[in-house]
Amino acid sequence: MAVISLQDVRKVYAGNVEAVKGVSLTIENGEFIVLVGPSGCGKSTLLRMVAGLEEITSGTVQIGGSVVNKVEPADRDIAMVFQNYALYPHMSVYDNMAYGLKNRGMDRDEIANRVRIAANKLEIAEYLDRKPRALSGGQRQRVAMGRAIVREPKAFLFDEPLSNLDAKLRVQMRLEIKKLQKSLGTTSLYVTHDQLEAMTLADRLVVLNGGVVEQIGTPIEVYEKPQSTFVASFIGSPAMNFLPVTNVGTHWRLQQGSGLRVHFDTDVNELTLGVRPEDFTIANGPQSDEALSASLLVSAVELVGAESFVHGTLGETGPEIIVRVHGKAGYVAGETLALTASYEKLHFFDTKTGKCLKVSPSRAIA
Ligand SMILES: Nc1ncnc2c1ncn2[C@@H]1O[C@H](COP(=O)(O)OP(=O)(O)O)[C@@H](O)[C@H]1O
Ligand SMILES: [Mg+2]
């Protein structure tokens, strides 16, 4: 186990591609950090710099208190698990798992012992004699994990390890990785573009956008208090709705709807209001003062099992929004519904910077 610490880490590739633009981050002992963001945002680059597979343009990476910028990957005492498994096709499962230990000159019995324990843990003990080609994708991924575990490294680095698996297996392996990491207590940095994987696995999430950290926090913090429109729209599915609001001189109000009357201490020229799909209530009866109200013209209803997504436009001409309701929603296209949302559930962003705004204490409700 070890603390991994990054200070102002940058990466500029040849051709002036600035892939990572100054990332600072500390991964505590035994912590499971998930680096999440869209394709091309610099996740793999950052992970590879921690692993030593990519040179660091500037900044420092520390593992267990020592700067490792110039330390060879093999000497960093970390194990990496890749999306494509990177197994040796001509070696048996046993040899794939044992290879790194043999290279280190470890005693045969100790190797056999470690492989046996890891294989039992991963439920691949019966495949130890097989070649990787005789295994399913999920089994190959287990072997790749086994190879990482037997080394008993200071840290695990995962780069989209589940992306090649089908949806059902991904959910199963996700749970297993989480349990395994907790039982081993090994500091882990895990990269994924899948926000749900990130939410379910992470002790803390790091949301990366264009090589810059947008937000660091526990999954629930990031979900409930997104610090930018980027984070708000990236984390959560269906994504947060964004509603246009207008400055009417003394305060802001909703363009299609009523009940919003908010003042800000800071100067804001353009405001974006965010509401998560589940934070709307389809109202029947009078609405309270503590809510904004609007109307939804239904365009489609999707039943996704235990819940339904009601799609439509805000008012007749407003933007498209999605409302999430429990169970089967009996609404039909063309119907108009009254929506409410309570003030605690509203998110405000400065449209120009995308940054979250704090509602001032002088907030007044119409
Ligand atoms: N070897 C390389 N040379 C030049 N540009 C690269 C190289 N590797 C990655 N990039 C660029 O750096 C950016 C980040 O890439 P990457 O870290 O692979 O993103 P992610 O893993 O988040 O999808 C992308 O714009 C990508 O095209
Ligand atoms: Mg990548």
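Just follow the structure's listing: the first ligand is 1, and inside any ligand the first atom is 1.
Considering backbone and side-chain N/O atoms, Gly42 comes within less than 3.5 Å of an N/O atom of ligand 1. Residue contacts with ligand 1: Ala14 is placed with no nitrogen or oxygen under 3.5 Å of a nitrogen or oxygen of the ligand (distance criterion only). Close N/O approach between Cys41 and ligand 1 is found [any backbone or side-chain N/O within under 3.5 Å].
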Step by step, would you call Leu128 with Val115 a side-chain contact (heavy atoms from CB on, under 4.5 Å)? CA-CA 9 Å; Leu128 286 173; Val115 171; 4.0 Å; yes

Between Glu31 and Arg204, is the salt bridge (Lys or Arg N to Asp or Glu O under 4.0 Å) condition met? List the steps. CA-CA 8 Å; Glu31 195 178 21; Arg204 284 188 302 152; 2.5 Å; yes

Should Glu307 and Lys328 be marked as a salt bridge (Lys or Arg N to Asp or Glu O under 4.0 Å) after you check the CA-CA gap, both sets of side-chain angles, and the distance that decides it? CA-CA 6 Å; Glu307 55 186 8; Lys328 184 176 188 303; over 6 Å; no

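Under a cutoff of 6.0 Å and an axis angle of 45°, Arg276 and Tyr223 form a cation-pi pair.
Shown in contact with Ser39 at under 4.0 Å from a heavy atom are these atoms of ligand 1, numbered in order with element: 23 (O). Each of the atoms 14 (C), 15 (O), 16 (P), 17 (O) of ligand 1 lies under 4.0 Å from some heavy atom of Thr45. The ligand atoms of ligand 1 that sit less than 4.0 angstrom from a heavy atom of Ala19 are 12 (O), 13 (C), 14 (C).
Looking at atom 20 (P) of ligand 1, its nearest protein heavy atom turns out to be Gly40 N, 3.5 Å. Residue, atom and distance of the protein heavy atom nearest to atom 26 (C) of ligand 1 are Val17 CG1, 5.0 Å. Here the protein heavy atom with the shortest distance to atom 18 (O) of ligand 1 is Ser44 CB, 3.9 Å. Counting only heavy atoms of the protein, atom 10 (N) of ligand 1 lies nearest to Tyr13 CE1, 3.3 Å.
Distance alone, capped at 3.5 Å, is enough to place a donor-acceptor pair between the Arg147 side chain and the Tyr85 backbone.
For atom 13 (C) of ligand 1, the nearest protein heavy atom is under 4.0 Å away.
Within a 6.0 Å sphere centred on NZ of Lys178, heavy atoms belonging to other residues, nucleotides or ligands number more than 12.
Using a cut-off of 2.8 Å, one finds that Ser39 contributes no N/O/S atom close to the Mg ion (ligand 2).
Counting only N and O atoms by type, the side chains of Thr45 and Tyr13 include a donor and acceptor under 3.5 Å apart.
Ionic pairing of Arg324 and Asp279 is not present here: no N-O contact between side-chain nitrogen and carboxylate oxygen is shorter than 4.0 angstrom.
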